[in-house]
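Just so it is clear, the structure is predicted and the values come from calculations on it, not from any experiment. Numbered from 1 within each chain, the chains take letters A, B, ... in sequence-line order.
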Amino acid sequence: MDVSHIFDPLNDAQREAVAAEPGPLLVLAGAGSGKTRVLTHRIAWLIEGHQVSPFAILAVTFTNKASREMRGRISELLDMPSSGIWMGTFHGLCHRLLRMHFEEAGLPQSFEILDSDDQYRLIRRVLRELDLDEAYWPPRQLQWMINNHKEEGRRPHHLPEGNDLQQQTLYKVYANYEELCQRFGLVDFAEILLRTLELLKNNQPLRETYQQRFQHVLVDEFQDTNSIQYQWLRLLAKQHNNFFAVGDDDQSIYGWRGARVENLLSFEKDFPGAQVIRLEQNYRSTGNILNAANAVISYNSDRMGKNLWTEESEGLPIRLYAAVNEVDEARFVVDQIQSWVEKGNRRDEVAILYRSNAQSRVFEEQLLSHGMPYRVYGGLRFFERAEIKDALAYLRLISNQNSDPAFERIVNLPTRGIGNKTLETIRGIAREDEISMWQATNKVIREESLPPRALSAVIRFIELIDQMSRDTQSLELAEITDHVLKTSGLLEHYQKEKGERAQGRVENLEELVNAARNFVVAEEEELDDLSLFLSNAALEAGEGQAEEWEDCVQLMSLHSAKGLEFPLVFLCGMEEGLFPHQRSLEESGRLEEERRLCYVGMTRAMQELYICYAEIRRLYGREHYTQASRFLTEVPKEYIEDIRSSNISRPIFRSSITNEESPLAKLQPGRHVRHQKFGEGMVDLVLRGRENMPVFRLTFLTLVPSG
DNA sequence: GGGTTAACCTTTTTT
DNA sequence: AGGTTAACCC
């Protein structure tokens, strides 16, 4: 059989990994070293070279995007569909298992997925029921703690029995929350993973079936696995012991949400006799960029160690720009992009990267005023928008009337005279009788235990939902959605709303009907289309749905840039406190993760890398004098070209300079001034600060302070 | 029940 | 600063 298409495009290390004998294998794949290629070619080789059935392969990724891409590449390589392979995200695959074995997992067939917003609301409800004050027990924090425990596999009864109020309250909230979820068949994201793990652990026949079935287990971005995910992988790979993990300890940037690099660091211990292969040739960046990134990451300890190299030429030096403030920074960046485009390059080859999403605004304003198209990644996803969640809540209620989160969301939207008083009564009964809000409402109606006005409003609501379920029985998914939007009054409600935003909301709702129309159910599934659509909406909140492939500048956080590459990259906001982020400086052990993030950012660049920082930055409405990021000092000078024209880098407020001839408000670049401390200087740039006060950047004739 | 004002919060993000 | 959310008033 001809396997040249599998092996020819590979270098020696890649080939070694792809063709490795069965057994545990860790591929340490540096940035830009072709890890996805190794993974896909490995799968192709298993199928074509070893005649492994696609059904015996389990391949796990972290994002739906990565999974789609891999699937595409494999079918290209094999020249046939790769549908047999169990490939997907941890959550996607576990969800599938839970759907197939809902009974064994102790779930109702119609169990629902809670996204983090639903989860937050539910936790607040628990707080209300326990009569706890949100001010003392912030729901966000409780949510975070509960998820942390779940991600470590701890159920409420595993928690240490603390004597302090803190521990006891956490326990109470967690236990109550779990009880509610269990009673109404609600499953949050962490639960999907934990429930699946427990299912396999406790159910021997099922466990053995899958252990037998999966002859090969492969995982991408292994450094990002959390404790539960790793246990799940190990359990499934146990029988055949063919565990193929690809990862890079230097790109572990999700420790803050439970990812454990330790899984990677202890791989050889956990899998005795494991092979480790390093992919160290980088095919992405120029020599300067790669060397600089290598230098920065070398400041970290606890690395597995890797030496990335490239055959590329040095390329251009990294350009460093010290901006006066964030506006100057943005202006500089956009200027550079403009000349990049004028040279005949594409805009979508350019990425503006930043540490936190709030930074995007200044860039957006600047891009907008230059009429340059751009796209911001991150921010609210389609299925997370309020109006979409409202519409989905109607659909959920039709599909499962006992869904309390859905009930609460839309019972009075649009308003139909069911106010808080009424709802409190219903909630009380639901809690008392341990029944759902829907059931409680029906009970209230039977017993007529509400004032007449509220009672009739409630009856109308129940009838509306009942009527909608009946009317949509035999309809297609898209027609159901359309029907629900119209008869619920939701569409009308948003149409009546005024303002620019309302327009977009109506469009989004219409887009939802489209999404429903385009939703294809893969293979035979035991569940109805509607339930599958709803699960999918939660699991795949959606990378923006329909993408206009316009030639746009790309704006995104450093986190979302992982896995991508761009010919021209701007790494912005390189300031202490912003990057590394203040919060990471306060917690010990987080600094190295920030440095890895910096490494990830730098290694996104293929040809040109600009690094910028602002000396004054407005943050949360306050102006801060900044200090350049420590990561900058970690880049050896030889790779950097400082392109700020002046040789002193402090912007000067007018209070500290004097000029005899003209009023300060009229100072223009080129004028000579005297600074109290630095002596003679020349105005280099004038900017407008707060209340339009001028801020000057000066070039000094001497560097010796005179005072 | 709707509209207005006051209080609050603010890292990164996938599922 | 800016945005959201909760409390408050008519």
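Computed from coordinates, the D115(A) CG to dT15(B) P distance equals 12 Å when rounded to whole Å. Rounded to whole Å, atom C1' of dT15(B) lies 12 Å from atom CG of N536(A). Atom CD in E365(A) sits roughly 14 Å away from atom P in dA1(C) (whole-Å rounding). Between the CD atom of Q359(A) and the P atom of dA1(C) there is a distance of 18 Å, given to the nearest Å. Rounded to a whole Å, the CD atom of E221(A) is 13 Å from the C1' atom of dT13(B). Across the protein-nucleic acid pair, H91(A) atom NE2 and dT13(B) atom P stand 17 Å apart, rounded to whole Å. In this structure, CG of N148(A) is placed 14 Å from C1' of dT13(B), rounded to the nearest angstrom. Between the NE2 atom of H624(A) and the P atom of dA1(C) there is a distance of 12 Å, given to the nearest Å.
Shown here are the ring-ring contact (aromatic ring centres under 6.0 Å, His included) partners of W86(A), two or more places apart in sequence or in another chain: F214(A). Partners of E151(A) according to the side chain to side chain donor-acceptor pair (under 3.5 Å) rule, which considers only residues two or more places apart in sequence or in another chain, do not exist here. Every ring-ring contact (aromatic ring centres under 6.0 Å, His included) that F62(A) has, sequence neighbours left out, goes to F90(A).
One finds a side-chain N or O of R361(A) lying less than 4.0 angstrom from the OP1 or OP2 phosphate oxygen of dG2(C).
Contacts of R124(A) with the nucleic acid, taken as non-hydrogen atoms under 4.0 Å apart, involve only primed sugar atoms and P, OP1 or OP2.
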Under 3.5 Å, which N/O atoms of the protein pair with N/O atoms of nucleotides 9-12 of chain B?
from, atom 1, to, atom 2, distance (Å)
dT11(B), OP2, R583(A), NH1, 3.2
dT11(B), O4', H581(A), NE2, 3.1
dT11(B), O2, R355(A), NH1, 3.1
dT11(B), O2, R355(A), NH2, 2.3
dT12(B), OP1, N357(A), N, 2.7
dT12(B), O4', R355(A), NH2, 3.1
dT12(B), O3', S557(A), OG, 3.3
dT12(B), O2, W256(A), NE1, 3.3
dT12(B), O2, R355(A), NH2, 2.4
dT12(B), O2, H559(A), NE2, 3.4

Could you go over nucleotides 2-6 of chain B and give all protein N or O partners under 3.5 Å, atom names and distances?
from, atom 1, to, atom 2, distance (Å)
dG2(B), OP1, T415(A), OG1, 2.5

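Within the structure, the salt bridge (charged side-chain N to carboxylate O under 4.0 Å, His left out) test picks out the following pairs touching residues 131-144 of chain A (sequence neighbours left out): R124(A)-E134(A). Sequence neighbours left out, the pairs with a member in residues 407-420 of chain A that pass salt bridge (charged side-chain N to carboxylate O under 4.0 Å, His left out) are D117(A)-R409(A), D390(A)-R409(A), E408(A)-R427(A). Within the structure, ring pair (Phe, Tyr, Trp, His ring centres under 6.0 Å) contacts touching residues 577-603 of chain A (residues at least two apart or in different chains) are F579(A)-F631(A). Evaluation of the salt bridge (charged side-chain N to carboxylate O under 4.0 Å, His left out) test over residues 352-363 of chain A, restricted to residues two or more places apart or in two chains, returns R355(A)-E594(A), R361(A)-E365(A).
For the residue pair Q627(A) and E575(A), no side-chain donor N or O sits within less than 3.5 Å of a side-chain acceptor on the partner.
Note: F189(A) and H91(A) have perpendicular aromatic rings, judged against thresholds of 30 and 60 degrees for the angle between ring planes.
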